[in-house]
Amino acid sequence: MNETMLLVVRHGETPWNREKRMQGTTDTQLSDVGREQARALGQRLAGRGFTALYTSDLTRARDTARAIAEHAGREIVTDPRLQERRFGIFEGLTVEEIVARYPEEHARFASRDPDYAVPRGESARSFTQRCIGCLAEIAVRHRGAEVVVVTHGLVLDTLYRAARGMPLDAKREAPLLNASLNIFRRDADAWVEIAWGDVAHLAEVGVTRYDSRAV
């Protein structure tokens with residue numbers, strides 16, 4: 001069997017998620033709710049026979065991965081290529097603050113030009129190449145197995161687009177949920193979406209449902 005199953009997880013909730021602040025690569029911490037979400041996710045994944053556990057090296061992802069590792073007895077492999085998209089001067093700000101401080105830059109960003117990079121940030125195209133390249137390497141490295149990857153909202157977005165053939169400038173309506181379970185199959189050179197936004201394990205903890213701009 002040459003197919004690889006990737007169980008891709010968005011990190012648990014952070015205070016900036018709750019405040020709808022642009023996080024990017026700023027190294028924020030999980031909130032109390034986020035830690036409970038990570039614990040619940042770890043319990044759910046404890047019985048799965050995945051062979052490897054990868055994570056972004058940002059704290060909110062690493063701490064989510066640690067909760068999974070504690071239940072599953074797996075070592076954690078960190079890879080900085082799994083970091084969120086860099087948003088430069090926008091990081092730490094709400095959308096309202098961005099519009100007020102950087103109206104021209106926000107207008108260009110809102111145009112969805114895949115080659116536009118916010119000052120000190122990263123374009124959607126280069127970000128996608130970074131993420132998809134890393135995820136494809138993981139899939140090849142663990143061909144025929146099941147792997148858990150803990151990462152960020154827009155990394156999930158790149159997989160969603162790759163599996164559905166969505167262009168980078170198209171609006172995605174599907175939500176990006178904290179501590180959600182999203183399953184993709186890597187089959188030859190194609191990504192296939194198996195499950196999206198599964199948060200059944202958060203029934204007792206609570207689901208974080210916020211606009212995907214606060215990533």
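- Between Thr4 and Gly144, the closest heavy-atom pair is OG1-N, 3.6 Å.
- Heavy-atom minimum distance, Val155 versus Thr158: O-OG1, 2.5 Å.
- Between Arg164 and Glu193, at least one side-chain nitrogen of the basic residue sits less than 4.0 Å from a carboxylate oxygen of the acidic one, meeting the salt-bridge criterion.
- Listed here is the closest heavy atom pair of Val199 and Leu177: CG1-CD1, 3.9 Å.
- Side-chain atoms of Arg39 and Gln43 include a donor-acceptor pair closer than 3.5 Å.
- Partners of Asp198 by side-chain hydrogen bond (donor to acceptor under 3.5 Å, both in side chains), not counting sequence neighbours, listed by chain and number: Arg44.
- The NE2 atom of His11 sits 12.0 Å away from atom CD of Gln29, with the distance rounded to the nearest 0.5 Å.
- Val9 belongs to a hydrophobic cluster with Met5, Leu7, Leu41, Leu45, Phe50, Leu53, Ile68, Ile76, Val148, Val150, Leu181, Ile183, Val192, Ile194, counting contacts under 4.5 Å between side-chain heavy atoms of Ile, Leu, Val, Met, Phe, Trp and Tyr, direct or through other members.
- Taking the side-chain contact (heavy atoms from CB on, under 4.5 Å) definition, one finds that Glu122 meets it with Arg85, Arg86, Ser126, Phe127, Arg130, sequence neighbours left out.
- With hydrogens and angles disregarded, a donor-acceptor distance shorter than 3.5 Å links the side chain of Thr151 to the backbone of Leu82.
- With Asp187 contributing its side chain and Glu3 its backbone, the two residues share no donor-acceptor pair below 3.5 Å.
- Judged purely by distance below 3.5 Å, without hydrogens or angles, the side chains of Gln23 and Thr14 pair a donor atom with an acceptor atom.
- The side chain to side chain donor-acceptor pair (under 3.5 Å) contacts involving residues 69-80 comprise Asp79-Arg81, where partners must be two or more places apart or lie in separate chains.
- No side-chain donor-acceptor contact under 3.5 Å links Glu84 and Thr25.
- Remark: His142 engages Tyr54 in a ring pair (Phe, Tyr, Trp, His ring centres under 6.0 Å) (not counting sequence neighbours).
- Counting only N and O atoms by type, the side chains of Ser56 and Gln83 include no donor and acceptor under 3.5 Å apart.
- A distance of 6.5 Å separates CG in Asp113 from CZ in Arg108, rounded to the nearest 0.5 Å.
- Side-chain contact between Asp169 and Arg125 is absent, with no heavy atoms from C-beta onward closer than 4.5 Å.
- The backbone N or O of Thr94 sits less than 3.5 Å from a side-chain atom of Glu97, completing a donor-acceptor pair.
- Across every non-hydrogen atom of Trp191 and Ala162, the tightest pair is CD1-CB, 3.9 Å.
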For Gln37 and Thr208: C-alpha separation, side-chain torsions, deciding distance, then whether side chain to side chain contact (heavy atoms under 4.5 Å, CB included) applies.
CA-CA 9 Å; Gln37 290 173 337; Thr208 308; 2.8 Å; yes

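- A donor-acceptor pair is defined here as one N or O able to donate and one able to accept, closer than 3.5 Å; such a pair exists between the side chain of Glu91 and the backbone of Thr26.
- A side-chain donor-acceptor contact under 3.5 Å links Thr64 to the backbone of Gly12.
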Give the intermediate values and the outcome of side chain to side chain contact (heavy atoms under 4.5 Å, CB included) for residues Val33 and Arg18.
CA-CA 10 Å; Val33 169; Arg18 185 166 291 278; 4.2 Å; yes

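- Formation of a donor-acceptor pair under 3.5 Å by the Arg161 side chain with backbone atoms of Ala170 is found in this model.
- A distance-only check finds no donor-acceptor pair linking the side chain of Asp63 to the backbone of Arg60 [under 3.5 Å].
- Partners of Tyr160 under the ring pair (Phe, Tyr, Trp, His ring centres under 6.0 Å) rule, at least two apart in sequence or in another chain, are Trp196.
- Nearest heavy atom pair, residue Ala40 against residue Val205, reads CB-CG2, 3.9 Å.
- Between Phe90 and Phe109, a ring centre-to-centre spacing shorter than 6.0 Å is recorded.
- With 3.5 Å as the limit, one finds a donor-acceptor pair spanning the side chains of Ser180 and Asn182.
- Side chain of Arg120 to main chain of Ile89: no donor-acceptor pair is present (N/O by atom type, distance under 3.5 Å, no hydrogens or angles).
- Using a 4.0 Å cut-off between a side-chain N of Lys or Arg and a carboxylate O of Asp or Glu, Asp57 and Arg62 do not qualify as a salt bridge.
- Between the side chain of Ser123 and the backbone N or O of Asp115, no donor-acceptor pair lies under 3.5 Å.
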